[in-house]
Structure formats: C-alpha cells, structure tokens
Participant: 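Please find one structure pasted underneath; my questions will follow.
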Amino acid sequence: MTRDPSPRWLRWPTDESRPRFAYGADYNPEQWPREVWQEDIRLMREAGVNIVSLAIFSWARIQPAPDAWDFAWLDEAMDLLHSGGIAVDLATATASPPPWLSTLHPEILPVNERGETVWPGARQHWRPTSPVFREHALRLTTAMAERYRDHPALAAWHVSNELGCHNVYDYSDDAAGAFRDWLRARYGTVEALNAAWGTDFWSQRYGAFEQVLPPRLAASHPNPTQQLDFKRFSSDALKDYLRAERDVLRRVTPEVPVTTNFMVMGETKGMHYADWAGEIDFVSNDHYVRPGAQSRDELSFSANLTGNIAGGRPWFLMEHSTSAVNWQSVNVAKREGELARDSLLHVAHGADAVCFFQWRQSAAGAEKYHSAMVPHAGADSEVFRSVVELGARLGSLAEVVGSERKPARAAILFDWESWWASEQDSHPTELLNYRQEALDWYSAFLALGVRADVIHTGASLDSYDLVVAPILHVVPQPLAKELARFVERGGHLVTTYFSGVVDENDHAWLGGYPGALRDLLGIRIEEFAPLLPAQRVTLDDGSVGTLWTDRIAVTDGDVEVWARYEDGQLAGGPAITRRALGEGSAAYVSTRLGTEGLPALLERLLGAAGIGSELPEPARGRVELTVRSGAGNDYWFLVNRTDEPVDIAGLAGEPLAPGAGQRPGLLPPRGVAVLRREQRAD
Ligand code: GLA
C-alpha cells in the first residue's frame, strides 16, 4: 500500500503534544440560548470532550441574505469552546443551502430520474454539478476560511457534510452537461462511447455527445453501461466538488488539515470512497448500526474497510450514535455496554477519534428523537454517565493513539465497481446483494476467530495468504492478471457466483463463465441457474445454498470438487471447486451459503492455506480480535460479541484501562479489553 510520507492529523490548538483520542460530537449551538452554551462547555469538560464539529448546518445563520454576513455568534462559540480547551473541526457550512439561495436560484435544486424537482424543506437540496451552487458555496467556504484562519480553536476543516447522502444521483440538465463532459474525457470520441455502451443494441447508436443523457426514466431497462458510467460519473462529480472546497481551504489555510465525513456503512454505495480517500488529509467516517443478527459484524466490517481505505493509518470516527437514531422504521435504544463497545470497536479498527451525532439532543426539528451525548433527560441520565465513562476510558488508553492497524493474513476484497454493476437491473436475479455476501464471509471469519482485513480493489495483495473476492463481477484484464499472479506466488484465492463475468464496460467475457477467471479456476459454466426465493439446494457436505447455482464443468485436471449438489436440477454436479496451483489455489463457490454454511467451508479453506485463529479455543467466535501496532508494542483489542462473560485468561499481555467493574482475564458481556504485548522479532 502506498503511504503518504507526511499524513496530517488534527492540528491540536494547544501546544500539548501528548497523544490523545479526539472525543466529541457535532455541536449545534445555534439551536440553543446562550445559557445552555455555558452549561455545554461545563458538561463537555466533565465528559472529557476535546473536539466538536461546528457550523455544519449554519449557512442560513452565517449568511442570512446574499450580501449579509453574521459571524458574531460563531465567533462567540469558537471563543467559548477555545476557552474551555475544546478544539473545533470547523465545517465549511455548505451542506444545506438557505431558503434565500434556492428562492433566488431554483436552478440549484436536484432533479430525480422522473424529472421531478427535489424541493427545499429538508437539507442537501443542491446539484453536485450546479455552477451556481458552487459559486455560492465557494464564496461561503472562502469567507469561513478567511474569518477563522488564525483562530486558535481551529483543528481541522470539515468539507460540507456527508457528501452525497441525499443528492448523489441528480438527473438535471446541469448533470446532463457534466455527464457529457465526463464521457468526452473518458472516451474521446462518440464512436468509442458507442462501442463501450454496446449501442447497436435497441437502436441506441449516438451521432454526437450532445445526444447523450443521464439514465432518466425510460420505457424499459436503460443501457447498463450508461447506468454504470452514470454511477462512476456521479461519484466523480461529488469528488470534484470536494476538491473545489478543499482547494479554497488549502489556499487560505495551507497548514490546516482538511477532511470530510464518509458513510462507509450499510447500503450507502453511491460514493466510491476508496477513490476519494487520497483527496483529503485524513479519512473520517460516520457509522450507524442497524438492528439484526449481523448488526455488530456490519459495524466491524465497515470500520475495517474504513481503516484500509485510510491506508492502515488512524482515522476519525466523525459520527455514530450514543443510543437510538430517528430514521429507521423502529429505532432501537442501545443496551448497557453498547455505547462503549461500539465506540471501541471503531478504535480497534484504527480510529483515533470517537465522535457522535450530536452533542445535545435537539428539542425541535426532524432529529429530535435522535439520541445524543446529552439527551432530552439531561446530564442526569444513563447515556450521559456512559459518555463520561467512555471519555475517561479513552483518556487512559491514550498510548494506543497513533498506532496503526496490523494487517491480517487473510482479506476480503471489496470492489465498488462490482457492487454497482452486479446489482443492476435485467440480470439473472434481482435478489443478489453484493454487500451482504461480503458481510456473510466476514461473519464467517468472526465466527472462527480469524482476523481478516476488508480491502478495496487496487490495494496491494502482497501481504495476504488468502483473499476472498465475493461476487467479483467486474474483472478487467489487469485485475484478472493480478489475481493470477497472486495465486502463482502461492496465494489462495476464493471467489463466488457471478464473478469474472464482465469487463470494465459491463460486456460479458465470452467462451463461458466465469469469463476472466475461468482458466484460473479451471472450470466452465455455460448457463447460470439462479434460484427462486423459496428454493434451497442441499450440498453433499451438508450445507444449504440459496439464491444461485451454476452448472459447472471442470476443465482442469488439478481441480478438486469440494462439494456437489445433492438435490435440485444440478444434483451430482460440482458446487464448490478448488484448483491447486503450485503452492497456491483458486476456489469457486457457486451458491449462497450465508452465515449458516460459510464458517465450515471457510475453516476448510483456511486450513488448506495454513491459517488459524490467534485466539484460545473458548474465545473463538465469541470474541473479535483486532491488532494495532505502535512503537515496540502490539495492542490486542478483544471485543466480546456476546451477552455472556468470556474467559480470556489464557491470553498473554498487560491489560490497559479496563472498563468499569472489569476483572482481569474476564470479558464482561459486550465488554472490550485491550492488551499491550511486546512485539516479537518475527
Ligand atoms: C447523518 C448526518 C447528521 C445526522 C445523522 C443522524 O450522519 O451527518 O447530520 O443527520 O445522520 O443519524
């Protein structure tokens, strides 16, 4: 992995050089009278808060009319925070345009695929490609940068907020023009575009770029490559906007680091964050858990991927929740221990900042039922007591700050292009869920107590012994070659159904599936055999498949069939294959085994690759292990995934800052332990 030699972290305002976790929240003082501000500072200090993100949704207050500016209240808030020893991650305040702007310039409003305007009234109602919006937003960015360039509280710049949360796909005329420019740059000629998009299908051949549109509501399925390119373009358009704000900030305050909060979580897939990470000084992420059996696995998966997008270096958890959110269909409160466990799980995956949305729970507005560090009930509450406890615990874990993620021997390859392309319409099934398949593999690693990194395509595979590439659908020639080289040098590759099927233009590789990976896997599939929602298929190893099956022909003598279908149309045929290639191997899993079936298969794959758990037997599956490495020491984070105590007495290492009531050698339900272990020469 390439590393920036001079990564920039927060510019702490005081001259204290001692390492410390950043701890805090979004802070929205404009929602409260001045007396509350005083109390806020007092409570922040009590909780150990040392940073807040300020002014995220303050545009209408800062610039109440086109040529009217009001910084007085923000100056006061900045000064007050600074006098309380609290640093500021200052937003550029551009996330939500004020009513005067959308009234004066309705042409900044996004348009959906049906041609309907997205009206103001909520937030983020702006077109990523609008020149008018950009002009106004950059004017505000410049004003903010010039106003606060020398303010001692300023620790970092926070560009906009969750870019693309509500506006990634805009089908307006601005978007159409920018899409054409993007296509001109990608293809050069309209002929090349016609070839890439396969426009001889359904009489779609273009005579000029001017004829091309975003994939607006159409009579039937829009051209798939047009859809894929529109996803690429939409991510790039926001990245370009991010750069525009960043460039203003770097010009005015070159010494202040710039970040923006990503949303590596759940089904948020419009923004290609692995591609954005190089644009900012440090990676920040927002994460919210969803209820369900894999809730914490998903948190871990997202934090793991974020850490790898950050190049292994520390990153900033910008938002998560102290308890319930307000935007799910049922908003579940966190149970005892979950606030700390969720926070420390992010730290375990490399976060050096733990921040929440938000400091004080709003009394009005759409988020008034969203939890905060100070809830409606006030400081006399379990939530606030847990917040204070976590602040103290982070304070005593400070020696971990600055340590980096220690790579695992196994990895899951996460591929944005495959995520985008594999879930498009007019496919063999619309039930396929890319991220769920990847998460199921991750859950299997957790169930076995084996560490695995979640890495994005393009990250180096060199240090890994085993790589699982679930639904690696888009495989351009160079990626096929890289995977072949990985196997040739002794690596173990595992891939699944619907992998290797198309190239970068979403054109099928011909000659039989899995196209680009067919020779490496030593198999050939003539036709897909997806399953209906209620259909199941039993394999002769006892596992049960859903969603997908393949009629596999083995084409290479070194392929072993690890499992066959026992029933269904394909009974007797191979379901799981593995081709040995020198020291390495390439395996194919043709059905969805889910969290029930994957652990047993993964155990066998890991065994064949010589990879085992680093945890003692009783802790496997019950405890998640991650490792951070600092100068001379490794830090083992042990996170209890269960509601029962777990014995970890067999593990060497010195416990750091145990949680309240925590006994050495025992992880309480939902508890987290950190062990300092001297690094060994090997
Ligand atoms: C996002 C936003 C915040 C807030 C939270 C609520 O993360 O950035 O402003 O709306 O969601 O969960």
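Counting convention: from 1, in listed order, for ligands and their atoms alike.
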Participant: So that I know where these two stand, are Tyr288 and Phe357 an aromatic pair - ring centroids less than 6.0 Å apart?
Facilitator: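 No - the distance between ring centres of Tyr288 and Phe357 does not fall below the 6.0 Å cut-off.
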
Participant: Between the side chains of Ser172 and Asp170, is a donor N or O closer than 3.5 angstrom to an acceptor N or O?
Facilitator: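 Result is yes, a qualifying pair exists.
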
Participant: Are a donor atom and an acceptor atom from the side chains of Arg435 and Thr268 found within less than 3.5 Å of each other?
Facilitator: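 There is no such pair (donor and acceptor under 3.5 Å, judged by atom type) between the side chains of Arg435 and Thr268.
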
Participant: Quick one: are Ser235 and Trp276 in side-chain contact, heavy atoms under 4.5 Å?
Facilitator: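 Yes. Closest side-chain heavy atoms under 4.5 Å.
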
Participant: Can you list every protein residue that has a heavy atom under 4.0 Å from any atom of ligand 1, sorted by chain and residue number?
Facilitator: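 Contacts of ligand 1 under 4.0 Å: Phe57, Arg123, Asn161, Glu162, Asp286, Tyr288, Glu319, Trp327, Phe357, Glu367, His370.
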
Participant: Are Arg246 and Trp157 in a cation-pi contact, defined as NZ or CZ under 6.0 Å from the six-membered ring centre and within 45° of the axis?
Facilitator: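 No, Arg246 does not lie over the aromatic ring of Trp157.
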
Participant: Is the distance between the ring centroids of His346 and Phe316 less than 6.0 Å?
Facilitator: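 Distance test on ring centres: not under 6.0 Å, no.
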
